[in-house]
Colleague: 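My questions will all concern the structure given below.
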Amino acid sequence: MRRLRKANLRWMFREARLSPEDLITPIFVDENIREKKPIESMPDYFRIPLEMVEKEIEGCFEKGLRSFILFGIPSYKDEVGSSAFDQNGVIQKAVRRIKSEFPDAVVITDVCLCEYTTHGHCGVVRDGEIANDETLPIIGKTAVSHAESGADIVAPSGMMDGMVRAIREALDAAGFESTPIMSYSAKYASNFYSPFRDAAESGFKFGDRRGYQMDIHNAREAMREIELDVREGADIIMVKPALPYLDIIRMARERFDLPLTAYNVSGEYSMVKAAIKQGWLSDEAVYEILVSIKRAGADLIITYHSKEIAEKLQ
Ligand code: PBG
């Protein structure tokens, strides 16, 4: 076995490879700030003011990163998340700015209500419950408003049943039949999202998300979730989080032929960054983690490590 492990040839026989083209960079756009603002629970990650969003994209382009997923921190919130579909909402404005300066950028928008509702849940609340069907037209409207602003791909993350179909129908009716849907198909009710909720101010005021996000014990159920999304018209499927769910990524890869994205989430990022900052781990660990996600079968990875890794890959 050691013949092919010699230093000058081992690179030729890699079964999985990582390139900047595999990486999708999350961007937090905050309508309420004028300067970049560090996110305390996510070392070296920032919220970006609207005015600086083009500059942020430019920095990524220089590193070979050309696809982005946008999250918004709006200037107002209400019970039904109206600022999510406001034509002058933070995401709509950010997409227009990015696409007018960087038409080649791939702009993916997260379609969810939790950043835009006062209660912080991903759907409309009725009698203390998250009302599934009442939420669907609102996320349909949100996706259309993103497409109208120029979004290349919409990515529903709220885990409402029927969300992919509702968005597909809304997009088609509005003339956006060529806008693809990347669905957060198998999204678990995970502890690893807590730094994100800090970053996006999307923490919930009561209860938790276990009524709509998946039970962490289940793998077969993830295949059912993906199957439903495929039937409803998803173009790209997703497993989230990534590292604690490599088995799910592998299963999905074997079972489905659609492009598969894995979301290397905020908690996965923060724990490895914390260990590196302490000097307990080398930063090579980041590369190893991302390679493991590709080796498991993901085509694309959404990751907060994209900039540091792209720099090394160049
Ligand atoms: C919104 C959303 C969340 C994440 C992506 N979209 C938070 C949540 O579901 O609570 C988490 C991303 C991360 O932790 O990096 N629904």
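Along the sequence shown, residues carry numbers from 1. Counting starts at 1 for both ligands and their atoms, in listed order.
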Colleague: Does a side-chain N-to-carboxylate-O contact under 4.0 Å join Glu21 and Arg66?
Modeller: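 Salt bridge present between Glu21 and Arg66.
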Colleague: Which residue owns the protein heavy atom closest to atom 15 (O) of ligand 1, what's the atom, and how far is it?
Modeller: Tyr304 OH, 2.6 Å
Colleague: Examine Glu115 against ligand 1 and note whether any of their N/O atoms are separated by less than 3.5 Å.
Modeller: no
Colleague: Going by atom types alone, do Asp86 and Tyr116 pair a side-chain donor with an acceptor below 3.5 Å?
Modeller: no
Colleague: Report yes or no: does Gln213 have a heavy atom closer than 4.0 Å to ligand 1?
Modeller: yes
Colleague: Are Lys307 and Asp44 within salt-bridge range, i.e. N to O under 4.0 Å?
Modeller: no
Colleague: Out of all atoms in ligand 1, which are within 4.0 Å of some heavy atom of Cys114? Include the element for each.
Modeller: 1 (C), 16 (N)
Colleague: Would you mind running through ligand 1 and noting each atom that sits below 4.0 Å from a heavy atom of Arg197?
Modeller: 8 (C), 10 (O)
Colleague: Any idea which protein heavy atom is nearest atom 9 (O) of ligand 1, and the distance to it?
Modeller: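 That would be Lys187 NZ, 2.7 Å.
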Colleague: Could you check whether the rings of Tyr184 and Tyr263 sit parallel, tilted or perpendicular, using 30° and 60° as the cut-offs?
Modeller: tilted
Colleague: I need the atoms of ligand 1 closer than 4.0 Å to a non-hydrogen atom of Phe71, numbered in the order shown.
Modeller: 5 (C), 6 (N)
Colleague: Look at the aromatic rings of Phe61 and Phe102 and report parallel, tilted or perpendicular, splitting at 30° and 60°.
Modeller: tilted
Colleague: Report yes or no: does Gly158 have a heavy atom closer than 4.0 Å to ligand 1?
Modeller: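 Not so, Gly158 does not reach ligand 1.
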Colleague: Show which atoms of ligand 1 fall inside a sub-4.0 Å distance from at least one heavy-atom site of Arg209.
Modeller: 8 (C), 9 (O), 10 (O)
Colleague: Tell me which protein heavy atom sits closest to atom 14 (O) of ligand 1, plus the residue, atom name and distance to 0.1 Å.
Modeller: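 Among all protein heavy atoms, the one nearest atom 14 (O) of ligand 1 is Ser266 OG, 2.7 Å.
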Colleague: Can Glu227 and Arg231 be counted as an ion pair, charged N to O under 4.0 angstrom?
Modeller: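 Arg231 and Glu227: salt-bridged.
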Colleague: Considering only heavy atoms of Tyr263, which atoms of ligand 1 have at least one such atom less than 4.0 Å away?
Modeller: 12 (C), 15 (O)
Colleague: When you check the gap from the basic side-chain N to the acidic O, do Arg34 and Glu51 get nearer than 4.0 Å?
Modeller: yes
Colleague: Taking CG in Asn191 as the centre, count heavy atoms belonging to other residues, nucleotides or ligands within less than 6.0 Å. Is the count above 12?
Modeller: no
Colleague: So which heavy atom in the protein is nearest atom 11 (C) of ligand 1, and how far is it from that ligand atom?
Modeller: Lys240 NZ, 2.8 Å
Colleague: Ser202 versus ligand 1: do any nitrogen or oxygen atoms come within less than 3.5 Å of each other?
Modeller: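 So ligand 1 has no N or O lying under 3.5 Å from an N or O of Ser202.
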Colleague: Run the contact test for Tyr269 against ligand 1 with a 4.0 Å cut-off on heavy atoms, strictly below, and give the result.
Modeller: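 No; Tyr269 lies far enough from ligand 1 that no heavy-atom distance drops under 4.0 Å.
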Colleague: Are His305 and Tyr287, when compared by the centres of their aromatic rings, separated by less than 6.0 Å?
Modeller: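 No, the ring centres sit 6.0 Å or more apart.
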